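Here the structure is a predicted model, which is why all the values come from computation and not from measurement.
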Amino acid sequence: MQKQLTVKSGARSEMIDITGMVRSVIRDSRVEEGICYVFVPHTTAAVTINENADPDVPRDIGMAMDKAIPWQDHYSHREGNAAAHVKASLMGASEMVFIENGNPVLGTWQSIFFCEFDGPRTRKILVKVVKSRQD
Amino acid sequence: MQKQLTVKSGARSEMIDITGMVRSVIRDSRVEEGICYVFVPHTTAAVTINENADPDVPRDIGMAMDKAIPWQDHYSHREGNAAAHVKASLMGASEMVFIENGNPVLGTWQSIFFCEFDGPRTRKILVKVVKSRQD
Amino acid sequence: MQKQLTVKSGARSEMIDITGMVRSVIRDSRVEEGICYVFVPHTTAAVTINENADPDVPRDIGMAMDKAIPWQDHYSHREGNAAAHVKASLMGASEMVFIENGNPVLGTWQSIFFCEFDGPRTRKILVKVVKSRQD
């Protein structure tokens with residue numbers, strides 16, 4: 001089962017918690033044991049897993065990424081968003097979580113984040129739920 | 001089905017578009033719905049997904065990686081390629097894409113790149129296509 | 001089959017080779033052909049694949065990460081370990097390796113490392129082995 005989600009970012013850099021949306025896709029799939037894959041079909045956005053109990057954590061991640069990969073840095077790409085492309089590759093286009101008893105298996109502090117690096121934009125996220133073989 | 005591909009890099013750092021090769025493996029597998037996994041069995045190379053419409057994008061990614069992880073930086077590893085190892089871990093040894101109707105599901109601007117960080121060399125890439133359960 | 005492993009880190013930053021532990025889980029699963037997924041349910045730790053033949057390589061990776069993402073850098077997160085969260089997202093919470101003839105398919109120099117970024121702590125690692133369909 002593959003499902004397409006939509007998120008709207010409101011800033012150039014933004015971490016959007018999509019754990020609830022992913023949890024809903026898993027519930028709708030009725031898969032009890034398996035793996036859920038999240039894929040971002042964009043080249044200036046990504047997906048990552050980190051803490052959201054303190055909203056300062058995603059904020060700090062964005063800030064540290066901006067320092068490590070500065071927005072202006074003599075890039076060749078004329079569109080002006082080269083840094084966003086670099087960050088997308090560093091964070092990665094996909095994540096996966098195990099499914100047990102119909103729920104994603106996440107650590108106490110783990111949330112799944114869509115990472116916007118060149119917003120604001122309307123973005124797509126693809127989610128696929130695969131059942132584990134019982135035989 | 002697992003298949004081994006070979007690529008030859010021509011520079012120390014190089015992003016090589018392997019989307020066509022991956023697409024061929026998927027077509028040969030005759031899998032219509034599933035997941036395609038790409039794995040790089042090296043420690044100074046990686047795989048990532050990004051834009052290739054403008055060749056400046058992969059070039060900028062290489063440049064930004066060189067700035068964030070400088071080639072010379074008081075490393076201990078005597079082989080002299082420690083930076084390449086760091087970049088390999090940051091980019092990651094694997095990627096996965098969904099398969100629908102026999103084709104990889106990629107965004108408009110997404111291509112799959114083999115990332116050479118210590119070339120020129122002849123390198124291996126492993127690709128595995130897994131069919132989704134229909135039941 | 002999902003299994004939980006435990007590792008104890010002895011320093012703030014540490015790369016712990018878990019290849020042997022992962023290999024044991026695969027052997028115990030009796031799966032001959034498939035994929036093994038490794039997932040770290042923490043937000044200040046990660047998993048990566050790199051070289052361990054020279055122990056200077058994992059040491060250099062830790063050092064380069066510390067330089068790219070400094071421990072002190074005007075972060076907002078009051079717990080004081082924001083850099084560890086950033087590094088966890090950069091390295092990633094999961095890795096996967098193919099299984100052939102009951103063994104993980106790794107390149108000559110590849111080992112699987114648990115990455116501690118905020119130790120010393122006792123940590124969990126989840127491993128799932130999925131058999132490939134033969135039909």
Side-chain angles (χ1 to χ4, degrees), chain B residues 1-4 29 31 33-48 64-96 117-118 123-135, chain C residues 15 17 19 32-38 46-70 86-101 104-115 117 130-135:
Chain B
M1 207 202 80
Q2 188 184 309
K3 196 166 174 183
Q4 183 178 308
S29 75
V31 167
E33 312 291 325
I35 297 182
C36 175
Y37 301 88
V38 180
F39 183 81
V40 171
H42 301 286
T43 56
T44 54
V47 58
T48 195
M65 295 293 283
D66 279 342
K67 287 198 180 181
I69 312 294
W71 194 261
Q72 302 290 347
D73 203 14
H74 307 285
Y75 301 108
S76 307
H77 184 44
R78 298 200 179 184
E79 224 188 308
N81 61 354
H85 285 283
V86 182
K87 291 178 198 172
S89 272
L90 286 173
M91 280 298 184
S94 63
E95 287 290 346
M96 68 99 219
F117 293 124
D118 190 30
R123 301 287 207 170
K124 284 182 274 185
I125 301 167
L126 305 178
V127 183
K128 193 176 178 81
V129 176
V130 177
K131 196 176 164 181
S132 291
R133 296 169 63 100
Q134 300 309 316
D135 51 310
Chain C
M15 304 262 293
D17 192 328
T19 316
E32 290 289 314
E33 312 291 325
I35 297 182
C36 175
Y37 301 88
V38 180
V47 57
T48 194
I49 294 176
N50 219 297
E51 182 188 326
N52 202 20
D54 177 0
D56 279 339
V57 171
R59 214 173 293 143
D60 284 342
I61 292 174
M63 187 204 72
M65 296 293 283
D66 280 342
K67 287 198 180 180
I69 312 295
V86 182
K87 290 178 198 172
S89 272
L90 286 172
M91 280 297 184
S94 63
E95 287 289 346
M96 68 99 219
V97 290
F98 301 151
I99 300 168
E100 275 200 337
N101 305 315
V105 180
L106 289 166
T108 315
W109 306 106
Q110 286 184 316
S111 291
I112 306 169
F113 288 94
F114 171 82
C115 308
F117 293 125
V130 178
K131 196 174 161 183
S132 290
R133 294 171 64 100
Q134 302 306 319
D135 51 311

Side chain, backbone, both or neither: which part of [X] has an atom under 4.5 Å from a heavy atom of chain B?
| X | value |
| --- | --- |
| C/Val105 | both |
| C/Asp54 | side chain |
| C/Met96 | both |
| C/Lys87 | neither |

Side-chain H-bond candidate by donor/acceptor type, B/Asn81 with B/Thr44, under 3.5 Å
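Looking only at side-chain atoms, B/Thr44 and B/Asn81 do not form any donor-acceptor pair under 3.5 Å.
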Side-chain touch [X]/[Y], heavy atoms, less than 4.5 angstrom:
| X | Y | value |
| --- | --- | --- |
| B/Lys128 | B/Val38 | no |
| B/His85 | B/Tyr75 | no |
| B/Arg123 | B/Asp118 | yes |
| C/Glu51 | C/Gln110 | no |

Could you tell me which of [options] has the largest number of non-hydrogen atom pairs under 4.5 Å with chain B?
| options | result |
| --- | --- |
| C/Arg59, C/Met65, C/Lys67 | C/Lys67 |
| C/Pro58, C/Ala46, C/Gly34, C/Cys115 | C/Gly34 |
| C/Ile49, C/Ile61, C/Val57 | C/Val57 |
| C/Asp56, C/Thr48, C/Asp60 | C/Asp60 |

Contact origin within [X] toward chain C - heavy atom pairs under 4.5 Å:
| X | result |
| --- | --- |
| B/His42 | backbone |
| B/Leu90 | both |
| B/Val127 | backbone |

For the residue pair C/Phe98 and B/Tyr37, does the interplanar ring angle fall in the parallel (under 30°), tilted (30 to 60°) or perpendicular (over 60°) class?
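It falls in the perpendicular class, over 60°.
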Pairs of heavy atoms under 4.5 Å with chain C: top-ranked of B/Ala93, B/Ser94, B/Ala88, B/Ala83:
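Highest number of pairs under 4.5 Å: B/Ser94.
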I need the minimum non-hydrogen distance between B/Ala68 and C/Ala68, along with the two atoms involved.
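So the minimum-distance heavy-atom pair works out to O-CB, 4.1 Å.
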Is it the case that atom CH2 in B/Trp71 sees more than 12 heavy atoms from other parts of the structure closer than 6.0 Å?
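Atom CH2 in B/Trp71 is crowded, with more than 12 foreign heavy atoms closer than 6.0 Å.
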